[in-house]
Amino acid sequence: MAASARTAGVPALSVAGVSHSYGARKALDDVTFDVPQGRFTALLGLNGAGKTTLFSLITRLYDTRHGRISVLGHPIDREPGQALRLLGVVFQARTLDLDISVRENLLYHAALHGLRGREARARMQEALEDVELADRAKDAARRLSGGQMRRVEIARALMHRPRIMVLDEATVGLDIASRSAIVGHVRRLVRDRGVAVLWATHLLDEVEDDDRLVVLHQGRVLADGETGAVIAQQGAADIRGAFNALTAGRAREAGEAA
Amino acid sequence: MSATVIAGPVAEAAPLRRFGIGDYLTCLRGIMWREALRFVHQRERFVSALVRPLVWLFIFAAGFRQILGVSIIPPYDTYVLYEVYVTPGLIAMIQLFNGMQSSLSMVYDREMGNMRMLLVSPFPRWFLLISKLLASTAVSVLQAYAYMFVAYLWGVVAPGWGYVAVLPALILCGFMLGALGMLLSSAIKQLENFAGVMNFVIFPMFFASAALYPLWLVQQSSPLIYRICTLNPFTYAVELIRFALYSEVNWLALAVVAGCTVVFTSAAVIAYDPARGLMVRRGGGPA
């Protein structure tokens with residue numbers, strides 16, 4: 001396909017030298033990493049690491065003032081329309097309209113992407129079947145459980161067929177069964193459909209050895225590479241050891257600097 | 001979800017084509033449809049929007065008709081009852097409250113996160129915001145006609161064609177007040193701060209205008225308040241509606257309302273712009 005040939009080798013998402021401050025407080029400091037096409041990339045960081053700020057920049061809720069963010073080669077600041085069409089987003093905060101039905105939420109999203117009529121309805125049906133919630137289409141969104149809402153949000157984010165999905169702490173507040181169902185579903189999207197995924201989390205057990213890994217801590221990237229390589233680099237036995245070594249080193253540096 | 005069947009490959013999606021007019025209309029229709037759904041789901045919003053001006057009409061106006069005479073002023077060519085005089089002001093009041101209700105709804109959407117889904121749509125931000133304004137305007141026009149119907153049954157009757165002629169005025173005034181609400185919503189950080197809008201925007205705008213009393217009467221009582229009334233865009237919205245109900249155009253009112261619409265809309269679009277908006281400057285986010 002022409003589009004695939006044109007974008008071959010281009011990262012699904014490229015974040016280059018991005019910094020962002022809230023007044024005097026620096027939330028992101030020279031953040032650089034790529035999300036390759038068709039890969040699951042975990043963005044690992046504790047609460048307050050800057051993940052949500054980074055998501056706000058990637059989705060252009062805030063403007064990127066320092067650095068550059070591109071989606072499949074489309075800079076988000078200069079070509080926001082092109083970039084956002086390729087991006088599927090699941091925010092940390094729930095974004096369903098609770099007053100209307102699941103079906104109406106999805107069709108609203110379809111309209112916001114220019115999808116209409118039979119095509120929009122067919123994609124809605126397909127997306128809900130994917131997450132096994134087709135039977136809840138007519139229910140008000142507020143009647144769903146937390147896990148079901150998340151699955152609907154994932155279904156909604158896929159309706160316009162994005163090439164990359166970005167999910168910010170998508171499993172936060174869910175029970176173990178719902179968490180594993182959602183992580184499993186997103187991993188299948190990568191494996192079976194070739195969708196690139198940027199999965200922000202603070203939960204170490206959501207990172208697998210064959211994922212790409214970006215460790216974000218206090219607004220800075222401490223590690224960026226294959227998970228196995230990052231673990232080996234830190235001389236650790238597993239991801240937990242590697243993460244502790246990375247963040248403890250950073251805390252030591254901060255202490256010495258002080 | 002273990003037995004999930006995965007349909008066609010998403011990564012091999014069709015190449016991007018430019019959005020055409022049909023796509024823009026689809027997006028506009030979707031935003032208007034959602035606003036209509038919310039309106040239908042929140043019946044109490046419709047009822048309260050209607051009850052408020054009707055209380056003024058049935059109680060306040062009934063009392064005032066005995067003590068307040070309205071002399072012959074354009075567009076009226078004869079003495080009119082106070083209920084007739086106050087009706088355009090109450091129609092504009094419906095639109096003022098609806099504009100502020102939309103503002104409240106935007107702040108609520110921001111707190112609940114729904115606003116993010118609107119703002120990450122690939123359509124231009126200005127188009128999304130204007131679509132939202134059009135949706136809110138459509139709701140306010142419906143409310144205004146519902147009020148006029150009840151007022152008609154109460155005996156407050158406009159000339160026949162006035163009900164048609166007033167439509168463009170209602171659209172313009174609804175849009176202006178909606179844009180003002182949107183601009184305010186960009187500056188309101190939390191839902192709790194909305195009470196300030198009631199105290200510092202809605203009440204002063206409504207009372208310091210030509211809605212309740214003719215301006216010549218206000219001028220006789222207080223030249224200062226008269227000056228304030230003449231600087232209040234709401235005064236011109238009321239007058240535009242008043243004249244339109246008699247199939248006439250108040251050109252000054254039209255110019256002021258149109259001008260304010262452009263200013264408020266532009267300011268709201270800038271305020272929600274991720275590069276220049278108020279959100280960025282104060283370090284918060286639009287969602």
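In the text below, chain A, chain B and the rest are named by the order of the sequence lines, each starting its count at 1.
Taking both residues in full, the closest heavy atoms of B/Leu118 and A/Tyr108 are given as CD1-OH, 3.6 Å, listed atom of the first, atom of the second, then distance. Across all non-hydrogen atoms, the minimal contact from B/Pro122 to A/Leu112 is CD-O, 3.5 Å. In terms of heavy-atom proximity, B/Thr26 sits nearest to A/Leu115 at CG2-O, 3.4 Å. Nearest heavy-atom pair across A/Ala111 and B/Gly30 is CB-CA, 3.6 Å.
Applying the 6.0 Å contact sphere to CG of B/Leu153 captures more than 12 heavy atoms from other residues, nucleotides or ligands. Within a 6.0 Å sphere centred on CZ of A/Arg103, heavy atoms belonging to other residues, nucleotides or ligands number 12 at most.
Seen from the ring of B/Phe123, A/Arg85 does not count as a face-on cation partner, given the 6.0 Å and 45° thresholds.
Heavy atoms closer than 4.5 Å to chain B are found nowhere in A/Ser56, neither backbone nor side chain. When heavy atoms are compared at a cutoff of 4.5 Å, A/His109 approaches chain B solely by way of its side chain, counted from C-beta outward. Contact of A/Arg156 with chain B is made through the side chain alone, with heavy-atom distances under 4.5 Å. In this structure, the portion of B/Leu128 lying under 4.5 Å from any heavy atom of chain A is its side chain and not its backbone. No part of B/Leu25 comes within reach of chain A, as not one of its non-hydrogen atoms sits under 4.5 angstrom from that chain. For a residue to count as touching a neighbouring chain, one of its non-hydrogen atoms must lie under 4.5 Å from one of that chain's; by this rule A/Arg116 touches chain B with backbone and side chain alike.
Between B/Arg34 and A/Asp97, some side-chain heavy-atom pair lies under the 4.5 Å cut-off. Inter-residue side-chain proximity for B/Arg116 and A/Leu61 is flagged as met; some heavy-atom pair is nearer than 4.5 Å.
Atoms CZ and NE2, on B/Phe19 and A/His113 in that order, are 7.5 Å from each other to the nearest 0.5 Å. Here B/Met117 contributes atom CE and A/Leu96 contributes atom CG; the two are 8.5 Å apart, rounded to the nearest 0.5 Å.
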